[in-house]
Amino acid sequence: MVQKKEGEVKDVGKVAIYPGSFDPITYGHIDIVERGLEIFNKVIIAIAENEEKRPLFSVEERLQMVKTFFKDTTNVIVDSFKGLLVDYVAKTNAIVILRGLRATSDFEYEFHMASMNRSLNTHLDTLFMMTSKDYFFVSSRTIKEVAKLGGGVEGLVPDLVVRRLKEKFKLPVAKKKQIGWDD
Ligand code: ADP
């Protein structure tokens, strides 16, 4: 970072990688990206292809949702990766892994992952950003659970994601049939 004049700090082309499942992307994630862009010139959202996690959305679906949301944000790159994060990071010019932290429950997992990544690549640091007061309770998992049961998740995920969740859980179709709109 370069101090320009009093109170103004200019970054010097630094890139952060924000990895995660993004299954699906929420406004909690988006908040971290937007705040990350206050610090870094570019944020690469790296969607992990990890079938062991049995994602609801395929990598292609997740890529499409994230790319659509950030289509007008030129300093956000959206990509996916398989395998070790440190190997993917090495192929980019990123200097930092960006992660979000919610309650203490996130801490242990994040601490272990950051420590492991640093042990695999001693030059690689992880920067944590605290969740915002509006999104501390938002996780992809709870969004899916609520949406599956027909609960409203508007305002917690982008509208496109609301629609995709409804399609996945066949909510509008069931509702239409129930009240005979297809007749
Ligand atoms: P992963 O499966 O790697 O944990 P997630 O998509 O669940 O991927 O999360 C990616 C990152 O975003 C993690 O660091 C997670 O803690 C953070 N994150 C998720 N939801 C929020 C939120 N509401 N506020 C802040 N950070 C969040």
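Just follow the structure's listing: the first ligand is 1, and inside any ligand the first atom is 1. Both backbone and side-chain heavy atoms feed into the values below; hydrogens, waters and symmetry mates do not.
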Visitor: Indicate yes or no: does an N/O atom of K53 lie under 3.5 Å from an N/O atom of ligand 1?
Guide: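 Between K53 and ligand 1 (N or O atoms, distance only) the closest approach is under 3.5 Å.
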Visitor: Any salt bridge linking E167 with R163? Criterion: basic side-chain nitrogen under 4.0 Å from a carboxylate oxygen.
Guide: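 Looking at R163 together with E167, the answer is no, because their closest N to O distance does not fall below 4.0 Å.
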Visitor: Counting non-hydrogen protein atoms only, what is the nearest one to atom 8 (O) of ligand 1? Give residue, atom name and distance.
Guide: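 The answer is S21 N, 3.0 Å.
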Visitor: Determine, for D87 against K91, whether the closest basic-nitrogen to carboxylate-oxygen distance falls under 4.0 angstrom.
Guide: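 No salt bridge links D87 with K91.
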Visitor: Measuring only between side-chain heavy atoms, which start at C-beta, is Y135 closer than 4.5 Å to T26?
Guide: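 Y135 does not reach T26 side chain to side chain.
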Visitor: Going by the order shown, which atoms of ligand 1 are within less than 4.0 Å of some heavy atom of Y135?
Guide: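 Going through ligand 1 atom by atom, the ones under 4.0 Å from Y135 are 22 (C), 23 (N).
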Visitor: Quick one: nearest non-hydrogen protein atom to atom 22 (C) of ligand 1, plus distance?
Guide: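 Residue, atom and distance for the closest contact: R102 CD, 3.5 Å.
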Visitor: Among all the protein's non-hydrogen atoms, which is closest to atom 16 (O) of ligand 1, and how far away is it?
Guide: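 That would be G100 O, 2.7 Å.
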Visitor: Under 4.0 Å, heavy atoms only, figure out whether ligand 1 is touched by the backbone of R141, its side chain, both or neither.
Guide: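 Neither; nothing of R141 gets under 4.0 Å from ligand 1.
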Visitor: Kindly check if the number of other-residue, nucleotide or ligand heavy atoms within 6.0 Å of CZ (F137) is above 12?
Guide: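 Counting neighbours around CZ of F137, more than 12 heavy atoms of other residues, nucleotides or ligands fall under 6.0 Å, so yes.
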Visitor: Does an N or O from V138, backbone or side chain, lie closer than 3.5 Å to an N or O of ligand 1?
Guide: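 Among all N and O atoms of V138, at least one is under 3.5 Å from an N or O of ligand 1.
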Visitor: Roughly how far apart are L156 CG and S139 OG, rounded to 0.5 Å?
Guide: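 Separation between the atoms: 10.5 Å.
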Visitor: Decide, yes or no, whether a salt bridge links E60 with R164 under the criterion of side-chain N to carboxylate O below 4.0 Å.
Guide: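 Looking at E60 and R164, the cut-off is not met.
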